[in-house]
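Reviewing the structure listed below.
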Protein chains: 2
Amino acid sequence: MTMKSDKFKVDKRHLRTVRTREKLLVAARHVFLENDFQTTTISQIIKRAGVGYGTAYVHFEGKDELLIVLMEDVMDRFHQVAEQPFEPGTAEEAQKQIEQQAMAFLQLAEQEREMLRVVEQAIGISYVIRTKWKQIRERFIERISCDIRYAQRTGLARPDLNPALVARGWFFANEMYLFEVVREETTASIEEIAKTLTAVYTTGLYEHG
Amino acid sequence: MTMKSDKFKVDKRHLRTVRTREKLLVAARHVFLENDFQTTTISQIIKRAGVGYGTAYVHFEGKDELLIVLMEDVMDRFHQVAEQPFEPGTAEEAQKQIEQQAMAFLQLAEQEREMLRVVEQAIGISYVIRTKWKQIRERFIERISCDIRYAQRTGLARPDLNPALVARGWFFANEMYLFEVVREETTASIEEIAKTLTAVYTTGLYEHG
DNA sequence: CAAACAAATTGACACTGTGTCAATATTATC
DNA sequence: GATAATATTGACACAGTGTCAATTTGTTTG
């Protein structure tokens with residue numbers, strides 16, 4: 001059958017390639033999580049994968065690309081959080097929805113802590129990974145900007161503020177807390193963090209009579 | 001005179017040490033600013049300083065410590081901004097003072113752009129420098145927390161929010177913008193950034209009737 | 001002041017990790 | 001089975017680090 005010989009052709013050669021690639025990825029994940037990005041070496045990875053040194057460079061450009069591939073799942077989950085719908089009818093609804101998104105964002109930090117720990121280190125060191133992370137960030141900010149414009153159009157939000165600037169500031173605070181959670185450096189619960197950040201963001205720190 | 005022979009003793013040996021150290025620092029500044037932290041090497045620095053390779057390691061532990069010493073001036077200026085007094089009588093006064101501090105903070109980014117560019121790169125790579133930067137950050141956050149508690153005590157700020165959490169979030173947004181300014185990645189003026197961030201921080205994004 | 005001492009400087013060396021590439025091993029095709 | 005195509009391999013050249021025994025420079029002492 002053509003179906004089998006075409007798409008599912010038992011291509012032993014191609015199969016081997018895929019296997020080797022997979023072995024490298026599995027090994028890389030282990031080594032990355034057990035150590036950190038800086039100290040992880042190609043030698044450690046190929047040793048664990050049971051392949052020759054040069055093989056790693058056949059399949060990946062280097063440490064960076066290996067991590068980028070490993071990051072993909074996590075990144076998808078971030079994108080999912082970024083794309084949550086936002087159509088509040090009242091300011092209270094808006095606050096609730098924003099808080100939920102902030103929570104979802106911080107929960108991701110908890111759930112993907114190990115991988116994100118490595119990613120954070122890599123952001124500082126590797127240009128490609130920094131770029132990759134910036135894409136996530138810009139996607140969030142773009143989305144938040146839209147949400148703010150929507151709220152401004154419907155008369156919920158103050159129209160005098162630049163949506164892009166506000167969105168950036170809001171995301172930045174969330175991002176920094178994300179990594180604090182990843183590093184387990186925070187004393188407060190993520191619920192409290194999300195609640196507090198959102199409260200300040202939506203209604204401000206100061207009393208208004 | 002003892003004054004001369006004691007404290008100001010013409011100690012040719014000690015003088016040479018100081019000179020060498022200075023030569024290394026001057027050279028390091030040049031090389032750091034012309035390249036970036038990653039690609040700067042000890043060899044480049046000692047070559048520019050006109051001293052032997054090993055000499056660098058006599059005076060400094062490595063690249064990191066060299067940069068830490070070069071950072072000191074900038075760090076002092078940050079500390080100065082952090083220690084600005086805060087004793088507002090009204091919410092409007094508070095907003096004005098906070099905005100001024102945010103401005104001062106971002107202006108520092110503009111004025112010390114080159115050095116901070118290197119520092120940002122180094123934060124990602126070097127543990128000691130990351131630690132150094134965290135000290136600055138914690139000092140700011142500590143100070144902001146105090147300010148918030150003061151505003152809460154005087155009935156200006158909402159008493160239901162955790163000052164430490166709010167302070168962190170506020171500083172994080174400022175810090176991220178600081179580095180955007182350093183990288184010249186921002187489209188808006190620092191005035192507009194400071195104004196917008198402060199407006200959201202003090203009175204919130206949403207209308208309150 | 002010269003000899004002995006002390007301190008600062010030096011560059012060669014060992015080490016670690018990277019990325020490349022010609023040689024080798026494996027799989028496909030005729 | 002021979003030939004071609006592709007995948008794997010590890011030895012190699014290279015770049016940077018940090019160390020340390022040897023050397024240079026300055027100080028003190030008899």
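Each chain gets a letter, A, B and so on, in the order its sequence line appears, and its residues count up from 1. No hydrogens, no waters, no symmetry mates; every other heavy atom, side chains included, goes into these values.
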* Does the ring centre of A:Phe78 sit less than 6.0 Å away from the ring centre of A:Trp133? -> yes
* Structure fact -> Looking only at C:dT18, D:dT8, C:dA28, the nucleotide nearest the A:Arg13 side chain is C:dA28
* Between C:dT9 and B:His59, is there an OP1 or OP2 to side-chain N/O distance shorter than 4.0 Å? -> yes
* To do: Pick base, sugar-phosphate or nothing for A:Thr55, based on heavy-atom distances below 4.0 Å to the nucleic acid.
  => base
* B:Gln152 and B:Asp160: CA distance, side-chain angles, deciding distance, side-chain contact (heavy atoms from CB on, under 4.5 Å) verdict -> CA-CA 9 Å; B:Gln152 284 176 332; B:Asp160 60 319; over 6 Å; no
* Structure fact -> The residue, B:His14 or B:Ser43, whose nearest nucleotide of DNA chain D is more 5′ is B:Ser43
* **d(CZ, A:Arg21; P, D:dT8) in whole Å** => 12 Å
* Rounded distance (Å) that lies between atom P of D:dT17 and atom CD1 of B:Ile46 -> 11 Å
* Asked: Between the side-chain atoms of B:Arg16 and the base atoms of C:dA7, is any donor-acceptor pair under 3.5 Å?
  -> no
* Asked: Counting just side-chain N and O atoms, does A:Thr17 come under 4.0 Å of either OP1 or OP2 of D:dT6?
  -> no
* Asked: Can you tell me how far C1' of D:dT8 sits from CG of A:Leu15, to the nearest Å?
  -> 15 Å
* To do: Determine whether more than 12 heavy atoms belonging to other residues, nucleotides or ligands lie under 6.0 Å from atom NE2 of B:His14.
  => no
* Structure fact -> Rounded to whole Å, NZ of A:Lys12 lies from P of C:dA28 at a distance of 7 Å
* Whole-Å gap separating P (C:dT16) and NZ (A:Lys63) -> 16 Å
* Out of D:dT8, C:dT18, D:dG26, which has the shortest distance to the side chain of A:Thr20? -> D:dT8
* Neighbour count above 12 (heavy atom, 6.0 Å) for A:Glu110 CD -> yes
* Asked: Roughly, in whole Å, what's the span from CG in B:Asp11 to C1' in C:dA7?
  -> 10 Å
* Asked: What is the distance from CZ of B:Phe60 to C1' of D:dG18, rounded to the nearest Å?
  -> 16 Å
* Asked: Would you say a side-chain N or O of B:Tyr53 is under 4.0 Å from OP1 or OP2 of C:dG11?
  -> no
* Structure fact -> B:Tyr57 OH to D:dA21 P, in whole Å, measures 18 Å
* **Closest contact, heavy atoms only, B:Arg168 versus A:Glu180** => NE-OE1, 3.1 Å
